[in-house]
Every structure is written in C-alpha cells, then in structure tokens.
Amino acid sequence: MTKSNERKLTIARAMAEATAQEMRIDPKVFVMGEDIGPLGGVYGNTRGLIEEFGAERIRDTPISETAFIGAAVGAAQDGMRPVVELMFVDFFGVCFDAIYNLMAKNTYFSGGKFKVPMVLMTSTGGGYSDGGQHSQCLYGTFAHLPGMKVVAPSNAYDAKGLMTAAMRDDSPVVYMYHKGLQGMGWLGTEAGATVHVPEESYTLEIGKAKVVREGKDVSIVSVGMGVHNALKAAKTLEAQGVSAEVVDLVSLVPLDRETIRASVAKTGRLIVVDEDYMSYGLSGEIIASVTEHDISVLKSAPKRVAFPDVPIPFARVMEQFCLPNPDKIVAAWDEMKAA
Amino acid sequence: MTKSNERKLTIARAMAEATAQEMRIDPKVFVMGEDIGPLGGVYGNTRGLIEEFGAERIRDTPISETAFIGAAVGAAQDGMRPVVELMFVDFFGVCFDAIYNLMAKNTYFSGGKFKVPMVLMTSTGGGYSDGGQHSQCLYGTFAHLPGMKVVAPSNAYDAKGLMTAAMRDDSPVVYMYHKGLQGMGWLGTEAGATVHVPEESYTLEIGKAKVVREGKDVSIVSVGMGVHNALKAAKTLEAQGVSAEVVDLVSLVPLDRETIRASVAKTGRLIVVDEDYMSYGLSGEIIASVTEHDISVLKSAPKRVAFPDVPIPFARVMEQFCLPNPDKIVAAWDEMKAA
Amino acid sequence: MSPTREDQHWMYCNMVTSRRFEEAIAKIYFEGKSPAFNMANGPIPGEMHLSDGQEPVAVGVCAHLTPEDVVTATHRPHHQAIAKGVDLDKMAAEIFGKATGLSGGRGGHMHIFDADVNFACSGIIAQGMGPAVGAALSRKMQGKSGVAVAFVGEGAVNQGGWHEAMNLAAVWNLPFVCVIEDNAWGISVSKETSSAVANNADRAAAYGIPGKRIEGNDPYAIHEAAGEAIARARAGNGPSLIEVETYRLAGHFMGDAEGYRPEGEKDALFEKDPIPKMRARMIGDGMASEEELDRIEAEAAARVDAAIKFARESDDAAPEDALTRVFAA
Amino acid sequence: MSPTREDQHWMYCNMVTSRRFEEAIAKIYFEGKSPAFNMANGPIPGEMHLSDGQEPVAVGVCAHLTPEDVVTATHRPHHQAIAKGVDLDKMAAEIFGKATGLSGGRGGHMHIFDADVNFACSGIIAQGMGPAVGAALSRKMQGKSGVAVAFVGEGAVNQGGWHEAMNLAAVWNLPFVCVIEDNAWGISVSKETSSAVANNADRAAAYGIPGKRIEGNDPYAIHEAAGEAIARARAGNGPSLIEVETYRLAGHFMGDAEGYRPEGEKDALFEKDPIPKMRARMIGDGMASEEELDRIEAEAAARVDAAIKFARESDDAAPEDALTRVFAA
Ligand SMILES: Cc1ncc(C[n+]2csc(CCOP(=O)(O)OP(=O)(O)O)c2C)c(N)n1
Ligand SMILES: Cc1ncc(C[n+]2csc(CCOP(=O)(O)OP(=O)(O)O)c2C)c(N)n1
Ligand SMILES: [Mg+2]
Ligand SMILES: [Mg+2]
C-alpha cells in the first residue's frame with residue numbers, strides 16, 4: 001500500500017500527530033496522564049505535544065488513576081474533550097470504577113443529557129518479557145462492559161484515523177494500542193505497522209472491520225498484533241496453496257459482525273487469533289457471533305489461537321510458548337484440514 | 001429432591017452454616033468485609049457468626065476494598081484462610097487490582113511457594129430495580145482472568161458444599177452468589193433455591209457442572225439465577241412435548257466443558273442463558289467451547305439469551321425487558337425450530 | 001458571616017422541601033411492599049436511602065452555589081439535589097422510573113443527573129470525587145467561573161479514590177470543596193470502627209489545604225464555613241475540606257432494622273432534629289414570623305405534592321427504550 | 001540509638017552487595033541489546049529498574065528485621081530483597097528467567113517472591129501495601145511475633161491503595177511500618193508536580209500515627225528511625241510512617257534517557273553516593289578499618305559473581321512449565 005516516496009509514520013507518531021492536529025482546531029481537547037508531558041509518553045504517543053501546547057493542556061498527573069480518569073469524566077461532562085492515558089492496560093484494576101461505572105455509564109444514567117466525550121488511551125500486549133502485570137491485552141475485559149467504544153489499531157494509518165475519530169466522538173472511546181506495534185525500537189517493533197500516513201487530518205469510522213487480505217479458504221480474524229501474525233501465516237499458507245482471508249477487527253465495540261460473517265460465509269472456515277486470555281473473551285465472542293448466526297456456512301469447527309488461561313510468564317521461552325504466532329495459526333489450519 | 005420432613009435452608013443460611021462449621025475446626029479461617037459483623041452481611045451470609053466467633057474473627061472493615069482484599073492476600077500468604085466479602089460485585093472496579101493482579105497471580109509469581117487460600121464472596125444480579133451500579137453479574141469479567149477459581153451456586157445444597165470446598169481450597173476462589181437466590185425476602189426470592197441441606201459439613205467439587213434436568217431435544221446451559229429460568233422454560237417446553245436438558249455450570253473456572261459438550265452431543269441443540277452482558281462473556285464462551293470441539297453435533301445454530309449490551313436500567317419495565325426469563329428461552333427454542 | 005434573612009428563608013424552605021419529599025417517598029415506598037417487604041415491588045422499587053436529618057449540610061453549602069456550579073452527590077442524594085435546584089418533578093418521576101424522569105428511568109434514585117444545574121451522582125462510594133475535581137479543572141482551564149463541590153459520607157473518606165482526588169485538587173489548586181457529611185455510620189459500621197482519626201478535618205493536612213469540622217448539625221455554622229471555603233475556591237485560592245457532624249434520622253436504607261445502633265441513639269437524634277431547631281431559632285432571632293414559616297412549609301408541601309402527582313401520573317418508561325442512550329446521540 | 005559496629009558492617013556489606021549486583025545486572029542487561037536497544041533481547045529481557053543510590057533505606061530498615069518478618073517491595077526491589085536476605089542465586093536466576101529462579105522464571109525482576117524470608121512484590125504502584133497490612137493482621141490474630149514493612153516510592157503515596165492500607169493498619173493497630181523511599185521522581189514526574197505536600201511524614205496525621213522524615217539518604221538516621229518504628233510495632237503499639245530522602249542514581253528503568261532531570265542533578269547525586277560516604281564515616285568513626293571494608297567489598301563482589309554464574313549456568317525454564325503453578329499444587 002505504501003509507495004516508496006510516501007511518508008511513513010510509526011503508530012506512536014501517528015497518534016501524536018492526530019492529537020496535535022485536533023488540539024490546534026479544538027481548544028477543548030487536552031491530554032492527561034502519567035509521563036505524557038516532558039517524557040512524551042512512555043510509548044511516545046504524546047511526543048512533542050508539551051512543547052507546542054504547554055503544561056496546561058499536556059498535564060502530567062500524580063500516580064492516581066482513579067482521580068485523573070474520574071476527573072476526565074467530570075471535565076468531559078463540563079464541556080472539555082480529555083484524552084487520558086492509562087500507561088499500561090494492566091493497571092486498570094486500580095481505576096476501573098472510574099472507567100466502567102462512570103465514564104461508560106454516565107451518558108446512560110443521565111438519559112443522554114450529559115455527554116462524556118473522552119478518549120482513554122492505553123497500551124496493551126507482551127512479547128518482551130515484561131511479566132504478568134505489564135504484558136496483558138485485556139481486550140475481552142473492556143469490550144465486555146457496555147457504554148464504551150473500544151478500538152485497537154494494527155497500523156499507523158488506522159491509528160491516526162481512529163485517534164481523530166475518537167477525539168471527535170461524543171461518547172467515550174477506549175483506544176488500545178499494542179506496545180509491539182508502536183514503532184518504539186526499544187520494544188522491538190513490527191515493521192508492518194509503520195505505514196504511509198497522510199499529513200492532513202482524517203477519520204476512520206469506529207465500528208468497521210477491514211478485510212486486509214482477501215482469500216477464499218479460511219478467514220483469520222484478529223486485531224492489533226494478531227493481524228500481523230495472521231498476515232504472516234497467510235503468506236506461509238499461500239506458499240502451500242491455501243488462500244487465507246485476514247480480517248482486522250479494528251474496533252471491538254461496536255463489533256462489525258457483518259464483515260466477519262460475510263468473510264466466513266465466503267471461506268467456510270474460521271480461525272480467531274487473540275493475544276488476550278482465551279476463555280470468556282474475544283475469541284469466544286467471534287466464534288459465537290459466527291455460529292449463532294448460521295452454522296451451515298462452516299465446513300469445519302472454528303479454531304482459536306489465543307493466550308492460554310495463565311498469568312503471563314516472564315521468562316522469554318515461557319512467554320513465547322504462550323503467545324499466538326504465525327506457526328500456531330498455520331498449525332490450526334493443518335488441524336482444521338485434518339479434522 | 002427435598003422431602004417434606006427434611007431441613008431446608010436458604011443460600012444465605014447455607015453459606016453461614018458452612019462458614020461456621022469450618023471456623024469451628026480451622027482457627028485460620030476468618031471473615032472480613034463491610035457490614036458482615038453485627039449486621040450479619042447485607043445478604044445474610046454471615047448472620048450469627050459474630051455472636052459465636054467475636055469481632056476478631058468476624059471483622060467489619062472500613063469502606064476500603066483495595067486495602068482489605070489486599071490484606072486478605074497478605075494474610076493468606078502468611079498462613080491464614082480469609083473469607084472476604086465484596087458487598088456487590090459491581091464494586092470490583094475500586095479494588096480489582098488486589099483481586100486479579102495479587103490474589104489471582106501471586107501463586108504463579110512465586111512459582112507456587114506462596115499459597116493464597118482465600119475466598120472472595122460477592123453478590124451478583126439484578127431484577128429488583130437497584131440500578132446500573134448494583135445489579136450486575138460480571139461472570140465473564142471474573143472468569144476471563146487467570147488464577148482464580150470462580151463458582152456460582154444456584155441452590156442452598158450446592159451453596160454449602162461449594163462454600164466449604166472454597167474455604168478448603170489452597171487457591172483463591174471467587175464465590176458469586178445471586179441476590180435473588182439468597183432467600184432474603186426483601187429481595188424477592190426464587191423458591192427453588194431453598195432446598196434441603198444436610199447438617200454435617202460436606203464439599204462439592206469445584207469445576208464440575210451438573211445436569212439438573214435430563215432431556216433430549218435441547219441443552220439449556222446456565223448458572224445461578226439462569227438455572228431457575230431454564231428449569232421453568234423446560235417445564236413450559238415439556239408441556240409442548242419438547243424435552244429440554246438443563247445444565248447448571250456451578251463453576252465457571254475451571255469450566256466443565258466435557259459435561260456441556262456431552263449434553264449438546266446428546267441433544268444437538270444449545271441455548272445459553274446468561275444474566276451477564278451478552279458480548280465477550282460467558283454466553284460466547286459456552287458456544288465457542290461447543291462449536292470449536294465439534295460442529296457436527298449441532299442440528300441448528302446455538303442461541304443465547306443474555307443481558308443486552310447496555311447498562312442495567314433502573315425502571316422496572318426496562319430492566320425486566322433486558323433480563324433473561326423463561327419466556328425468552330422458550331422463544332429462543334421456537335426460533336431455533338423455525339430456522 | 002451568618003446567613004442573611006433571605007438566605008435563612010431559602011435554607012429553611014429547602015430543608016423543609018427535602019424533608020417533605022422524603023416523607024412522601026417513604027410512604028409511597030411501602031406501597032406494594034406489604035405484607036411481605038420486597039424491594040422489587042411497588043411504585044418505587046429498589047434501594048432507597050433517605051437523608052432525613054442531613055438537610056442542614058445540603059442547604060448550608062448550596063446556599064452559596066449557583067446553577068452553573070457543579071455538585072456531585074452520592075447514593076443518598078435527595079437533599080443535595082433539592083438544595084442544588086434539581087427539577088423536583090423530574091427527580092420524583094425518575095425515582096418512580098417514569099419516562100418523564102430526569103433520565104427517563106434509566107438512572108433511578110442513586111443516579112440523579114440534572115445537566116441544567118450541573119448535578120451528578122455516583123452510587124459507588126467516593127466516586128463523585130474525581131468528576132467534581134475534573135469539573136473544577138475544566139473551569140480553571142477554560143477560565144470560566146464556577147466551583148465544584150463533592151459531597152461524601154464520613155465512610156467514604158477511607159476510600160482510595162477520595163485520597164487521590166483530594167491530592168489532585170490540591171496539587172492543581174482547583175476551585176473545589178469536599179464536604180463530608182459525618183452521620184457517624186457507614187451502613188452498620190461506626191466511624192470509630194472504621195476511621196483512624198476522629199476528625200476528618202485533620203486529614204486536610206495531608207493535602208496542605210484548610211480543613212474544618214462543624215459540630216452540631218448546625219445550618220448556620222455550616223453556612224459560614226461553606227461560604228468561606230467556596231469564596232476561597234472562587235478566588236482561585238484552591239480547595240478546602242469541610243466535615244460536618246450530622247444525623248441520619250432514618251435507617252441506612254429503607255428496610256434497615258438498625259439493630260446496630262446503641263440503645264437510645266435514635267430517640268436522642270430525633271430530639272436534635274434540625275428542622276424544628278432552625279424554626280425556633282429563626283423566630284427567636286426575629287428572622288421570620290410564625291406565619292412566614294408556616295407559609296414556607298405549606299409551599300414546600302405543595303411543591304412536593306405536585307412533584308409526586310407529576311411522577312404518579314407520568315407514563316412508565318417504554319421497555320425498549322432501555323436500549324437507547326448508551327452512547328451519545 | 002546508632003547502629004552497633006556489627007550492624008554497620010552488616011549494613012555496609014548489604015549496600016555493597018546490592019550495588020555490585022546491580023552493576024553486574026546493568027552490564028549484562030545490555031548484552032544482546034546493541035547496536036539496537038530492544039528490551040526483548042539479551043539474557044535479561046524486559047524492564048529493569050535499578051536501585052543504585054537507594055541502598056541506605058533498605059539496609060537501615062532491614063537491619064531490624066528477621067527472616068520471619070514480612071517485607072513487600074515494589075517494581076524496584078533488588079536492594080530491599082538483598083537486605084531482607086532473599087536468596088541471591090535464585091534471585092539472579094529469576095531475573096535471567098531460569099528454571100532455578102525463585103519462581104522458575106514465571107515472575108521475573110518485578111515479581112521477586114521468596115517465601116523463606118517472607119518477601120513479596122508487586123509491580124503495581126502501592127499494591128504491596130495491602131498484603132503487608134494483611135500479614136501484620138495475620139501475626140496479630142495468631143499471636144505470633146513479627147512485623148510487616150511495606151516499601152513504596154514517594155510517587156505511590158498519591159495512590160488510593162496507599163491511603164486505604166494506612167487507615168486500615170492504624171484503625172486495627174497493626175504491627176506495620178510503611179517506608180517511603182523519596183527519590184524525588186516517579187519516572188519523569190517530580191514529587192513537586194504530583195504531591196500536594198512536600199513532606200509525606202505530614203500525612204501520618206491523617207491516620208493518627210507517628211510520621212518521620214529522614215533527610216540526606218543517611219543510613220545511620222534511617223537505622224535509628226526504623227528501629228524506633230519497628231520496636232513500636234513489635235511492642236504492639238501500632239503502625240508508623242517513615243519517609244526517607246534518597247537518590248536514584250540511575251534512570252527510572254534501563255534505557256531511560258533522563259531528559260526530564262534538571263541540568264547538573266545527576267552529577268550532584270553522584271557526589272552524594274551513600275556508599276563511599278558510609279565507608280568514610282565508618283573509618284572516621286573507627287568503626288571499621290580499610291582492610292575490613294575492602295574484605296567486605298571483595299566478599300560482596302564474590303557473592304554477586306557466584307550468583308550471576310549460577311544464573312548464567314542454570315537451565316532455561318521449560319517452555320511448557322508456563323502452564324503450571326497457576327493454582328496451588
Ligand atoms: C466502593 C463501595 N463500597 C461499598 C459500597 C456499599 N455502601 C453503600 S453506602 C455505604 C456506606 C457509606 O457510608 P458513608 O460514606 O458514611 O455515607 P452514608 O451512607 O452514611 O451517607 C456502603 C458501604 C459502595 N456503594 N461502594
Ligand atoms: C498503578 C500504577 N500506575 C502506574 C505505574 C507505572 N509506574 C511504574 S513505576 C512508576 C513511578 C513510581 O514512582 P515511585 O513510587 O516514586 O517509585 P520509584 O520508581 O521512584 O522507585 C510508575 C508511574 C504502575 N506500575 N502502577
Ligand atoms: Mg455515614
Ligand atoms: Mg520515586
């Protein structure tokens with residue numbers, strides 16, 4: 001998609017650019033969070049903002065997630081459009097009430113009279129041995145609870161468009177970015193996430209999945225990092241004469257069930273790839289969404305390649321053993337075929 | 001099951017009895033939580049305990065869930081066996097880190113050297129117009145995250161056996177009891193939950209589902225209050241000549257997939273009933289567990305009767321519109337047959 | 001500075017309105033709930049937390065607020081809502097779960113939201129703190145006037161969210177006031193059992209801000225302390241903390257048997273009922289005549305009757321509307 | 001009471017051991033991470049938080065503890081672990097992710113758990129507080145000896161969990177001490193930017209307990225204050241709070257460019273390095289000879305070398321063991 005003379009950005013830079021552009025045109029937008037000021041965000045997504053917008057609009061906070069996320073809710077209800085960072089999604093446990101009981105529900109509780117236009121950005125994902133409290137995805141946890149939109153870009157183009165869309169949305173949006181896609185060298189980085197990003201501001205529709213690779217034998221459905229694993233697996237499968245379609249969910253809430261169902265209706269086979277814990281989460285939801293709609297389209301039982309139901313281990317060999325990867329996706333296909 | 005001359009207990013009394021019996025034989029067991037002392041627990045499950053065991057072992061706490069659940073973890077690691085109450089599961093947002101990052105993971109993080117034998121009891125469910133922050137089930141939220149066992153009794157017999165098993169388990173157990181089954185008149189109560197309970201102490205195996213009604217045309221799988229809705233629907237269906245099997249999951253973690261699969265293999269049809277939010281939760285997991293295993297057993301697409309993805313409304317007519325009930329289960333069967 | 005004659009009339013009027021409102025609610029609450037008391041039944045289902053006895057705090061504070069100021073309240077919000085000027089008809093209808101309610105029946109008694117007067121609630125202890133601090137931040141950033149007040153119970157002060165929000169308000173020097181209604185109980189747990197300090201005003205030291213405790217559930221003293229704190233906030237001098245001794249004349253929620261109260265506590269409380277006390281004082285101070293106060297009381301009763309009538313006569317919420325307003329329209 | 005000669009030797013030994021350990025870790029950490037620095041690579045992957053400069057706090061406190069006492073630590077746990085007597089070989093192996101590590105590689109650097117000396121961690125800010133308070137409760141309920149100490153950073157004090165645990169420890173009068181390591185920074189955010197008070201010992205007033213701040217990163221003063229607080233806890237007189245001024249000589253984590261530090265701050269800190277200072281003072285006070293201290297240093301270095309060798313030579317964790325020990329065996 002990217003031509004050689006086009007400007008490429010990392011997801012981190014795409015997020016920062018979208019935020020800066022929006023802040024220039026909308027004085028209500030401001031950013032709060034830990035280390036998002038002079039440091040520019042641990043994952044680089046607010047880099048350069050404090051220099052342009054100053055410490056009033058780019059606010060470093062105390063380590064008080066309940067207070068500052070709750071404050072974002074209050075500020076949003078009062079007419080501002082806060083962008084808040086929860087540094088690692090793993091920290092949601094200290095502040096989830098402010099997220100799921102205030103941010104997500106105050107619109108409903110007020111019958112729509114109060115709006116809560118805010119973006120909660122948070123980093124997800126492992127693969128670099130950061131241990132069990134700093135490597136989770138928790139997609140299912142956030143997507144399960146009503147009242148918040150949830151998006152998770154797999155590349156910089158989508159990242160910018162989603163960020164702008166999230167800031168303009170009058171409802172709260174949880175923006176889950178994967179550390180391994182940020183383009184921060186020190187985390188390793190998936191090259192496929194750094195793509196051409198137009199200079200001008202644009203939005204991506206929240207709630208629309210994308211078929212990022214067309215195929216006819218199997219649908220591989222995933223989000224974030226999993227999309228890249230799926231694309232790699234698709235390449236391997238292609239060499240074996242198997243044509244895999246890859247669906248990037250992009251948004252988890254609203255979930256674009258039509259696109260998933262249409263893909264599976266076409267291919268007749270489904271593999272879900274999810275870096276979040278396997279049970280009671282995203283992988284189950286995708287399978288259920290397809291099978292409850294129409295089981296007749298399926299030529300074989302759907303499969304999931306997901307993180308097993310264990311805390312994320314530190315040791316590299318253990319963590320890599322647990323993580324989804326292209327080989328496991330190919331193996332899932334092989335089992336599917338054999339069955 | 002219950003003979004007329006046998007002693008019947010409510011779930012609340014069954015829980016209190018199990019706890020008292022265990023406290024008599026194990027000095028390490030103690031109870032902490034809000035209003036569990038002189039008040040006997042808002043849902044009655046510690047009634048009578050402070051009179052017998054005193055305020056040292058039946059400890060009212062400040063409204064500080066993070067501190068006292070964290071303290072239970074520390075006490076458990078130090079050799080005690082705390083039973084802790086989170087008054088409403090809806091409050092998990094103020095203290096989930098202590099639950100999912102400490103209680104659930106410290107066994108793993110210590111390679112099993114520290115044990116965390118504790119029980120976290122928490123009330124679930126709506127149906128009595130308590131609004132969106134006091135009526136949730138959140139089964140999926142707890143069951144999704146690794147390191148904690150999760151149980152949810154549908155009747156007093158199971159409640160007592162699970163409570164004793166939970167207190168004797170060396171791993172943390174989340175014990176989710178449904179307010180509408182507690183046998184507290186002021187919450188309304190499902191009569192079917194109050195059943196014969198033996199005097200003596202006994203345990204129920206955690207991780208085993210139960211076929212609570214045998215049938216051959218459709219499997220209705222549920223937990224807690226949903227089991228009673230399923231049983232009522234099964235009666236209605238029986239009158240129509242349809243033989244429904246009802247599976248009571250009893251435990252959500254570990255999930256007894258074998259029992260579910262065996263039931264669906266027999267009946268060929270699956271309806272999941274879940275009072276928790278529909279998407280990314282229990283209903284999806286049950287459907288995926290069956291379909292990923294073998295789709296050939298299914299005669300039609302599985303169905304779910306679950307709470308829609310909206311905050312729980314206060315107004316009675318709105319809440320009842322959203323809640324699963326026997327009619328909706330019967331309607332799901334009708335649609336299934338028609339399809 | 002003690003309240004003007006006009007302030008006192010306003011305060012008395014709102015105290016009485018709140019009391020009459022709760023008396024009406026209390027009575028209706030039991031409709032359909034006897035012989036067997038079941039919360040799910042009757043025209044007003046669900047939990048019901050009354051604030052009888054705590055009216056002085058609401059009026060002493062809100063006397064200094066305008067509709068544009070922000071208040072966040074708790075699970076026990078009626079007195080605060082009334083003093084803040086929340087639409088009484090729509091609030092009553094909300095409590096009845098009617099389509100004409102503040103949120104069309106989606107919220108209910110623990111979720112009273114009125115955007116017109118910047119009033120919001122949370123049923124989760126201490127979780128009104130963050131939003132109030134955020135509203136204060138919003139005003140400061142926009143250079144707009146207005147202060148934010150969070151009401152909490154004394155039990156809420158031991159909640160982590162309370163501490164975080166206090167620190168945030170202080171470190172950002174925001175126009176924020178935290179008002180603690182110390183009714184001595186958090187459900188059945190006494191303050192003594194749960195709080196490491198007897199006087200929560202002492203906790204202001206942890207944030208380098210002024211802290212004051214008012215004894216005796218005295219609307220005059222509350223009015224004065226709140227006036228200072230709010231003026232300070234308006235002047236840009238940052239947040240304050242006020243703890244008020246008050247009394248919960250009812251149970252924690254309706255149906256509470258209150259077995260945890262020491263013998264005689266309730267009787268003693270009723271003797272200290274702040275409404276007759278204020279009435280007597282106003283007359284003694286020559287601030288009002290018997291007739292004036294009778295008229296205020298009659299007007300309050302009429303207003304409450306009208307609100308209850310409005311609520312009763314309104315249509316039920318439409319069941320399927322449960323699925324709307326999840327996201328902003 | 002100032003530390004005895006023996007205490008001082010023990011303290012110095014542990015400070016040096018910790019420093020040598022971190023120097024070794026720091027060096028190895030970069031193996032496999034150049035030319036491109038990528039945390040995921042090398043024998044020690046993941047984040048790495050060094051505690052260089054903060055050793056006085058760990059030794060001043062742990063000098064008063066026995067293995068049966070309980071310590072909970074943070075994301076920056078090495079100095080505390082070493083002073084508490086955590087097995088150095090197994091800790092090194094854990095940091096390398098080896099099968100012989102404390103938890104067989106499941107935990108890693110931020111999750112150092114050693115049940116033999118009652119040492120636990122949490123990588124979530126302030127979340128060691130609750131477990132320490134709970135361990136103190138366990139001791140009190142069982143009538144067993146032992147105190148519990150939670151170490152936290154000054155940034156953690158603004159976290160709700162900190163407040164809740166302090167209140168709980170105080171209201172239950174538990175044998176608990178909270179030690180705040182004030183290194184002036186929470187990653188890139190200064191204490192001034194984030195804390196409403198300059199001196200966190202002032203926050204003890206919110207719990208009605210003693211609070212003390214120690215300036216100058218001084219192991220002697222820390223030893224004295226910790227001794228008093230721990231003796232108080234052992235005597236059943238309840239919890240205390242200690243804040244210690246200390247210095248983080250390294251970045252927040254390895255790879256931190258530290259651009260947020262004011263010019264010259266780092267140089268000034270290195271001049272205040274507590275290890276040479278303690279060495280000089282011990283010699284000046286006649287508490288140790290050059291030779292004795294050289295010997296201590298050599299022994300510390302040898303111990304660290306042995307631990308690193310053990311870690312390097314141990315087998316990797318078995319990949320599939322990732323699936324074990326989720327529940328108690
Ligand atoms: C986080 C949380 N924990 C517990 C509860 C349950 N609860 C509701 S009201 C209450 C007591 C509150 O006491 P206080 O703050 O003093 O307010 P009061 O009820 O006295 O007005 C409790 C424990 C809750 N709503 N939220
Ligand atoms: C609840 C939570 N929020 C944020 C973080 C990310 N984080 C890790 S260390 C740190 C700074 C901690 O500062 P301080 O408590 O002073 O300890 P120090 O790093 O200085 O030792 C932060 C914000 C976290 N681990 N947990
Ligand atoms: Mg109270
Ligand atoms: Mg620090």
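Numbers restart at 1 for each chain; the letters A, B, ... are given by sequence-line order, proteins then strands.
Along residues 311-329 of chain C, the residues that come nearer than 4.5 angstrom to chain B, judged on non-hydrogen atoms, are C:Asp316, C:Ala317, C:Ala318, C:Pro319, C:Glu320, C:Asp321, C:Ala322, C:Leu323, C:Val326 in order of number.
The most heavy-atom pairs under 4.5 Å with chain B, out of C:Ala99, C:Ala36, C:Gly107, C:Ala257, come from C:Gly107. For the options C:Glu258, C:Lys191, C:His111, heavy-atom pairs under 4.5 Å to chain B are most numerous at C:His111. With respect to chain C, the highest number of heavy-atom pairs below 4.5 Å among B:Thr61, B:Asp309, B:Ile312, B:Val310 belongs to B:Val310. Counting heavy-atom pairs closer than 4.5 Å to chain C, the top residue among B:Gly131, B:Gly185, B:Ala55, B:Gly132 is B:Gly185. Contacts with chain B were tallied for C:Glu47, C:Glu94, C:His75, C:Lys33; C:Glu47 has the most, counting heavy-atom pairs under 4.5 Å.
In C:Lys98, the NZ atom is crowded: over 12 heavy atoms of neighbouring residues, nucleotides or ligands sit closer than 6.0 Å. The number of heavy-atom neighbours closer than 6.0 Å to CZ of B:Arg13, taken from other residues, nucleotides and ligands shown, is 12 or below.
A side-chain donor-acceptor contact under 3.5 Å links B:Glu65 and C:Gln159. In the model, B:Asp60 has no side-chain atom that pairs as donor or acceptor with a side-chain atom of C:Thr193 under 3.5 Å.
The two residues B:Asp35 and C:Gly186 come nearest to each other via the heavy atoms OD1-O, 3.6 Å. Between B:Met87 and C:Ile187, the shortest heavy-atom contact is CE-CD1, 3.7 Å. Of all heavy-atom pairs between C:Pro45 and B:Arg316, the closest is CB-NH2, 3.6 Å. Taking each heavy atom of C:Gly123 and B:Gln133 in turn, the nearest pair found is N-OE1, 2.7 Å. Taking each heavy atom of B:Phe314 and C:Phe96 in turn, the nearest pair found is CE2-C, 4.3 Å. When all heavy atoms are compared, the tightest approach of C:Ile124 to B:Asp90 is CD1-O, 4.3 Å.
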- Item | Derivation and outcome, side chain to side chain contact (heavy atoms under 4.5 Å, CB included), residues C:Asn38 and B:Trp186 | CA-CA 4 Å; C:Asn38 175 348; B:Trp186 56 273; 5.9 Å; no
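Contacts of C:Ile95 with chain B are made by backbone atoms alone, with heavy-atom separations under 4.5 Å and no side-chain atom involved. In this structure, chain B has heavy atoms under 4.5 Å from both the backbone and the side chain of C:Ser122. In this structure, the portions of C:Met39 lying under 4.5 Å from any heavy atom of chain B include both its backbone and its side chain.
Judged by distance alone, the side chain of C:Asn158 and the main-chain N or O of B:Pro62 form no donor-acceptor pair under 3.5 Å.
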